[in-house]
Structure formats: structure tokens, C-alpha cells
Amino acid sequence: MADDLAAVPATAIRSASPLSAADAARTMPRLVVEDVSPRVDGGAFAVRRVVGETVVVEATVFTDGHEQLAAELLWRAIDEEEWRRVPMAALPTDRWTASLTLERLGRHEFVVEGWLDLWGGFRRDFAKKRDAGVAQPVDAMEGRGLVAAAADAAPGEIGARLSAWQRRLEAAPDDTALLLDDDLAAAMALADARPFALRSEPQLLDAERIAARFSSWYELFPRSITDDPARHGTFDDVIGRLPQIRDMGFDTLYFPPIHPIGETNRKGPNNTLTPGPGDPGSPYAIGSADGGHDAVHPELGGFDSFARLVEAARGHGLEIALDFAIQCSPDHPWLTEHPGWFAWRPDGSMKYAENPPKKYQDIVNVDFYGPDAVPGLWTALRDVILLWIDKGVTTFRVDNPHTKPLPFWEWMIADVRAKHPEAIFLAEAFTRPTMMYRLAKAGFSQSYTYFTWRDTKAELQEYITELTTEAPREFYRPHFFVNTPDINPVYLQTSGRPGFRIRAVLAATLSGLFGVYSGFELCEADPVPGKEEYNDSEKYIVKPRDWNAPGNIIQDIAMLNRLRRRYPALQTHLNTRFFVAGDDNIIWYGKPDPDGKGMICVMVNMDPHQGHECVFQVPLWEFGMGDDGDIAVEDLAEGYRFRWYGKEQSIRIEPDQPYRIWRLTAEHEA
């Protein structure tokens with residue numbers, strides 16, 4: 001079997017004497033099993049999928065001559081001993097394919113095994129000879145010999161079954177049909193010794209829950225759920241806000257850090273260094289005399305209040321996601337309890353955090369390779385996650401993971417998910433693509449993206465094409481947040497209400513993961529002049545809002561989330577296909593239903609200031625139709641139906657209604 005075969009390096013053969021080199025070469029694999037897909041870095045990292053999803057596996061399997069081959073897909077959960085198996089089907093050009101369906105959470109692995117199919121090769125050739133009238137008695141004798149050898153070698157019931165076939169064949173040596181009998185073929189397959197068998201290297205496969213691929217996030221600061229900026233909001237106040245968040249269609253409610261906030265170098269409004277006595281400070285300055293990452297900011301309420309919120313959220317179909325920010329205020333208990341977890345200056349002071357030109361005087365960073373950091377700091381951070389999982393939180397947005405060591409993430413996420421495979425980690429890393437992709441390989445379920453800065457049709461099409469057709473498709477799940485407390489995009493600063501509707505529909509229909517930071521639905525965009533930051537940023541103040549303020553886009557968001565839940569085509573980015581629209585401001589794309597019965601098609605005027613018109617192509621070819629075909633169309637936003645006749649149509653889209661969402665079906669009734 002494949003596990004017993006040892007591959008001999010070519011360098012060893014070249015350096016050996018002629019006779020010993022030939023002997024060494026004889027032990028090398030005769031088959032080739034290569035180009036297995038899906039695959040990530042040769043199997044070093046896991047392919048990412050969700051439970052219930054079917055994974056199509058392909059591989060190239062071939063050998064010398066005209067021998068017939070067989071191939072099999074084997075897979076198992078990482079904690080299982082036995083492999084599950086399914087035969088692979090041959091495709092052109094030596095490709096083989098089979099599928100597996102993921103039935104449980106957690107890490108899995110799969111391999112492809114190929115071998116010489118001696119009986120299959122005999123049947124193929126014997127049938128050709130018989131049909132051509134050139135089969136000889138010795139050909140049938142060869143087949144009977146294969147059956148006899150298999151009967152002798154096979155154990156138990158299979159051996160007995162083949163022995164019975166051996167007797168039948170010997171009793172009727174001229175009955176060529178017996179050698180081609182399907183029942184005999186099935187018995188020979190069960191007894192197959194699989195000569196020259198070879199397995200591919202294992203490919204890891206992570207099966208996560210559906211929320212890792214499809215979810216709608218709403219971010220808010222609990223302290224701002226109040227009607228008075230002088231009164232700090234609480235978890236109980238957030239409970240009162242849950243019905244409105246649910247009605248907008250969100251399923252994940254995400255909080256920035258909820259831990260005690262330090263006093264040293266506390267920030268005032270708009271990031272000033274001169275806070276007033278009542279200023280709440282930045283929640284990212286974690287830690288005070290009240291505790292650190294394992295504690296709750298006292299003004300939000302205690303753990304009992306948090307438990308009430310988690311339970312109430314579940315009742316509304318929402319789960320709570322927390323921010324995991326690995327940073328400390330100068331007042332964090334760890335600085336005195338574990339000074340070896342930090343890098344100190346020669347004068348005994350601590351350097352505050354920087355990301356030039358930004359300065360964070362209220363924050364200091366841990367040192368992952370400090371004198372006492374391993375394993376103490378690493379396990380303490382892991383235990384923070386485990387504590388909050390015990391409190392009912394299984395989804396974590398991780399702040400700036402690209403500034404922490406990759407080995408830590410690979411160890412920590414694997415360790416947590418081995419105990420809690422339902423855990424989801426979102427990487428907030430706006431950095432180089434290489435690092436963003438490596439974080440996903442290291443275990444992050446989802447990732448923030450460059451969507452926030454892809455404002456033109458060409459930019460978006462290029463970016464989505466990269467994510468759907470290149471290597472990242474197997475491991476990188478893009479989360480399209482339209483804004484964040486740190487990012488007030490220039491596009492939104494200058495676009496008015498139409499721009500917010502444009503960005504909402506693009507994010508909600510291009511990716512299965514869609515998120516907004518509160519205030520987006522109210523079209524908040526007042527910037528710090530010349531910066532992508534919010535004026536009067538909520539990071540430094542308590543900010544009450546009128547959630548029904550005129551000009552809001554709540555109805556748009558609710559409609560988009562309703563469509564996302566109803567139509568599986570909108571629950572992934574991987575099925576996005578761009579079509580021709582003859583104006584650089586109008587983007588036009590489709591997302592086929594998984595069952596192939598229909599397609600969600602979206603058209604957006606990306607210019608929030610003026611209308612544009614174009615001739616566009618209806619994707620009739622996707623339904624097997626010619627250019628003169630006709631197709632049923634349902635407008636999902638407006639609720640009416642019509643038909644398109646022919647491949648080319650024209651449209652004008654104005655900023656006051658900047659998008660269209662249609663469902664196309666080939667049936668005469670949409």
C-alpha cells in the first residue's frame with residue numbers, strides 16, 4: 001500500500017553506483033499523483049469550508065504505458081482513525097475527481113490515492129478483443145488466473161465469494177460474458193491489492209459553521225446607547241436596542257473592547273491629551289485598577305448584566321462578538337504582576353504605542369518574546385478567549401493581528417478551535433496582501449479587506465476577480481465592512497446619501513460577509529479635515545444618536561439583509577461574475593443560485609453625483625440561450641416582474657435610486 005512505499009530522492013540515485021542506482025530507482029513510485037486541488041501551500045495550511053458544504057477534489061494521476069488506473073478520495077476528521085472513501089471518476093488529461101461533504105465542525109484532512117487497476121485493465125482490453133472477434137483462449141485464461149490469485153489472497157467472505165467465481169469460470173471456460181460480469185468486477189474491486197499504490201500528501205481542511213462565511217455584522221459602542229452624553233450607556237441599555245438591530249437584518253452584534261479603561265494618559269475628545277474629568281477615554285486603552293482583559297468596565301455593568309445581554313441577543317437571533325485587542329493601558333494589572341511580559345526602556349519607562357503618524361499615548365504593547373512571555377503571556381491571552389467563550393461569546397474581531405507574531409496566532413487559534421470548533425476569528429488587518437493572506441492561512445476565519453478603498457468599477461472588478469479566481473479563494477474570506485470607527489472613507493465624506501446606499505448594496509451583494517459601524521445607517525460622515533477620521537469620534541466620547549433621523553437608509557439595509565437571508569446566491573463572494581455595461585460608472589454583475597435555477601443580478605451607478613446610462617449585456621448565455629433569447633426578470637427591490645428580449649438592453653440610473661437588484665430565471669414565470 002501507499003503508506004509502505006518510500007520515495008528515493010533523485011540525488012541519491014545520481015550519486016550511487018550503476019547497479020545500486022537502478023535498484024534504488026526500482027523502489028521509487030511508479031505512479032504520479034500531483035496537482036491536488038483544493039490545496040493551500042502544498043498542504044501546509046487548511047482549506048476553509050463550512051459544515052454541510054460539498055468539497056470537489058481533483059488530482060492528476062497517471063503512470064507509464066497504457067495501464068488502467070483507479071483512484072480514490074479518502075478523508076477523515078483529524079481526531080478519527082478510519083478514513084472515509086469514495087471512488088474518483090476519470091476526467092480528460094489524466095485528471096480525476098470526487099466530492100466529499102463536511103458533516104461536522106473542526107479540522108479534517110484528505111488525500112488522493114491512485115494505483116494500477118489490473119482487473120479493470122483486463123476487462124477493458126478483453127471486451128475490446130471480444131467485440132472485435134480477436135479474443136483468444138489465452139486471454140480468458142489470463143483473466144481466470146487473476147481471479148484465482150485474488151481468491152487465494154483475499155480474506156474471509158471476499159475470498160469465499162471469489163472462490164465461487166473461480167469455480168464458475170473453470171466450469172465454463174468458453175463463456176466470455178462471465179469474465180465481464182459486474183458482480184465479479186465488484187468482488188475483484190473489494191479484493192484489489194492496489195499494486196504500486198501512491199497517496200498524495202495530506203491536505204488540511206477546516207470545517208466551520210456557516211457564520212464564518214455568511215453573516216451580517218453591526219458594530220456599536222455600548223456606552224453610547226443612551227439619550228444623554230453625560231450618562232454612560234450600559235449592557236441593559238443595549239438590550240433595549242436589540243429589536244431595531246434585529247429588524248435591520250443583522251445577526252452579529254459586535255462591541256469594541258468592553259474592559260476597564262486606564263486613567264494614565266487618557267484621551268479626551270478628538271484624541272486630545274487634555275481630557276476633562278468626565279471624559280470616558282478610549283476603550284482600546286485596556287486595563288485599570290478594576291482589572292484587565294478578563295474584566296468588564298464597571299460603568300457598563302457587571303458579568304450578570306453581560307449575561308442578560310447575551311441571552312437577550314440570542315432571543316432576537318443575534319450573537320455577540322467581542323474585540324480582542326492585545327494592548328494595555330499603563331494601568332493594566334499585568335504591568336505590575338508580569339513585568340517580564342513587556343519591553344522596558346533603560347530608564348525604567350514604558351514606550352507607548354505608535355503607528356506613525358498616529359500616536360497612542362494611552363496604550364503600551366506587550367512583548368511576545370519578552371523574558372517571561374513564553375508560555376506565560378501566550379497562555380494568558382489564550383485563556384482570555386476561553387473565558388469569554390465560557391461567557392457565551394464565540395466570535396472575536398481581533399485588533400491589528402498583523403502587528404503580533406504569526407506563530408502565536410497559528411498556535412492560539414488552533415488550540416482554541418480544538419476545544420471550541422465553533423469559534424470564529426475576524427482579522428482586522430489593513431496591511432500588505434501577503435500578511436493579510438498569511439493571517440488567513442494561520443487560522444483566521446474572516447478578514448477585513450481593501451473594499452473600503454475600492455471606489456471605482458475597475459478597482460472593484462479587479463479586486464473581486466483576485467479573491468475569486470486566484471489562490472486566496474481557498475482560504476481567505478473577505479468581510480466587507482463599509483466603515484469602521486477608525487475609517488471614515490473619503491468617498492462617504494463627499495457622496496451624501498446616495499453614496500451610502502451605493503456602498504451598502506455593493507458590500508451586501510458582493511460578499512457573504514457584510515458589516516456596518518453604527519451611524520452608517522444615518523449617513524454620518526463629518527470628517528476631521530483632511531483625514532479619514534470622524535470628527536467627534538465615538539472612540540473618545542459617549543455619542544447618543546437619533547436612530548430615526550431624517551435621511552437614514554435603514555430601509556435599504558433591512559431590504560439588503562432580507563435578500564441575503566433569502567437567496568443563497570448572496571451568501572458567498574466566490575460565485576461573482578462581471579458582465580458588460582458600457583459605462584465606466586456602472587458596474588454590472590451576477591451571482592448564480594447554487595441549484596442553477598436562477599441568478600441574482602445587481603447593477604449599480606457608482607457615481608453618487610450624477611446619472612449615467614449604458615447599453616448592457618443580459619447574460620443569456622448563462623442559461624444556455626442565444627442572443628435572441630428572452631428571460632424572466634423580477635425586481636427584488638421594487639417587487640415587480642417583466643421580461644427582457646434579446647442580449648442587449650439599455651438603462652439610465654440616477655443617484656436618487658442608484659442600484660437595481662434583479663433575479664433572472666429561464667422559466668416563463670419568474
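Values in this document were obtained by computation on a predicted structure and should not be read as measured data. Below, each value reflects all heavy atoms present in this structure, side chains not excepted, and no hydrogens, waters or symmetry copies. Positions are given from 1 along the sequence.
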Note to self: side chain to side chain contact (heavy atoms under 4.5 Å, CB included) for M188 and L118? Distances and angles first, verdict last.
What the structure shows: CA-CA 10 Å; M188 289 294 285; L118 298 183; over 6 Å; no

With distance as the sole test, does [X] use its side chain to make a donor-acceptor pair with the main-chain N or O of [Y] at under 3.5 Å?
X	Y	answer
R213	T572	no
R48	G443	yes
W588	Q617	yes
Y463	R454	no
K591	T509	yes
E58	P38	no
H479	R477	no

Item checked: Between S445 and E208: side-chain donor-acceptor atoms closer than 3.5 Å ->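 Present: a donor and an acceptor within the cut-off.
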
Checklist line | Pair T449-Y476, side-chain donor/acceptor within less than 3.5 Å | finding: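 Y476 and T449 do not have a side-chain donor-acceptor pair below 3.5 Å.
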
Atom pair [atom1] ([X]) and [atom2] ([Y]), whose distance is rounded to the nearest 0.5 Å:
X	Y	atom1	atom2	result
R124	L180	CZ	CG	13.0 Å
Q649	F616	CD	CZ	5.5 Å
W662	F642	CH2	CZ	6.0 Å
L69	D117	CG	CG	8.0 Å
S511	I464	OG	CD1	7.0 Å
Q446	F480	CD	CZ	12.5 Å

Check: Can you list every pair that meets side-chain hydrogen bond (donor to acceptor under 3.5 Å, both in side chains) and has a residue in residues 132-152, with sequence neighbours left out?
Finding: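 Residue pairs with at least one partner in residues 132-152: K129-D139.
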
Item checked: Candidates E109, E113, E72 - the one meeting salt bridge (charged side-chain N to carboxylate O under 4.0 Å, His left out) with R199 ->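 Exactly one option meets the salt bridge (charged side-chain N to carboxylate O under 4.0 Å, His left out) with R199, and it is E113.
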
Contact summary for [X] and [Y], nearest pair of heavy atoms:
X	Y	answer
L74	R85	CD2-NH1, 3.2 Å
R382	D415	NH1-OD2, 2.8 Å
V618	L664	CG1-CD2, 4.2 Å
P401	L439	CG-CD1, 3.9 Å
A423	R417	O-NE, 3.3 Å
V86	S99	CG1-O, 3.8 Å

Next item on the list: Please name all residues satisfying ring pair (Phe, Tyr, Trp, His ring centres under 6.0 Å) with F62, sequence neighbours left out, ordered by chain then number.
Entry: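 With neighbours one apart ignored, the set is empty.
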
Between [Y] and [X], is there a side-chain heavy-atom distance shorter than 4.5 Å?
X	Y	result
W96	P87	no
R84	L100	no
L513	L426	no
L31	L116	yes
Q203	V36	no
V147	W119	yes
D94	V32	no
I600	I661	yes

Notebook entry, point to check: salt bridge (Lys or Arg N to Asp or Glu O under 4.0 Å) with D174: which residues, sequence neighbours excluded?
Noted result: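 Partners of D174 under the salt bridge (Lys or Arg N to Asp or Glu O under 4.0 Å) test: none.
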
Check: Thinking salt bridges, do R660 and D635 make one under a 4.0 Å N-O criterion?
Finding: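 Salt bridge absent between R660 and D635.
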
Which pairs, with at least one residue in [range] and sequence neighbours excluded, count as a salt bridge (Lys or Arg N to Asp or Glu O under 4.0 Å)?
range	value
residues 458-476	R49-E474
residues 563-577	R577-E622
residues 34-45	D35-R95, D41-K441

Got a sec, which residues hit side chain to side chain contact (heavy atoms under 4.5 Å, CB included) with [X], two or more places apart in sequence or on another chain?
X	result
D251	S215, S216
A46	R107, L204, D206
T395	R209, W217, E319, A321, I424

Taking side-chain hydrogen bond (donor to acceptor under 3.5 Å, both in side chains) as the test, write out the residues that go with [X], two or more places apart.
X	value
T63	none
K597	none
D79	R104

Item checked: Verdict with reasoning, V55 to V47, per side chain to side chain contact (heavy atoms under 4.5 Å, CB included) -> CA-CA 10 Å; V55 183; V47 170; 5.6 Å; no

Next item on the list: Applying side chain to side chain contact (heavy atoms under 4.5 Å, CB included), run through F126 and R123 and close with a yes or a no.
Entry: CA-CA 5 Å; F126 187 71; R123 288 187 85 209; 5.9 Å; no

Next item on the list: Return the orientation label for the F396 and F425 ring planes: parallel under 30°, perpendicular over 60°, tilted otherwise.
Entry: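 Because their plane-to-plane angle is under 30°, the rings of F396 and F425 count as parallel.
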
Margin query: Please evaluate residues Y448 and V398 with respect to the criterion side chain to side chain contact (heavy atoms under 4.5 Å, CB included), reporting the C-alpha separation (whole Å), side-chain torsions for both, the decisive distance (0.1 Å), and the verdict.
Written below: CA-CA 10 Å; Y448 279 56; V398 179; over 6 Å; no

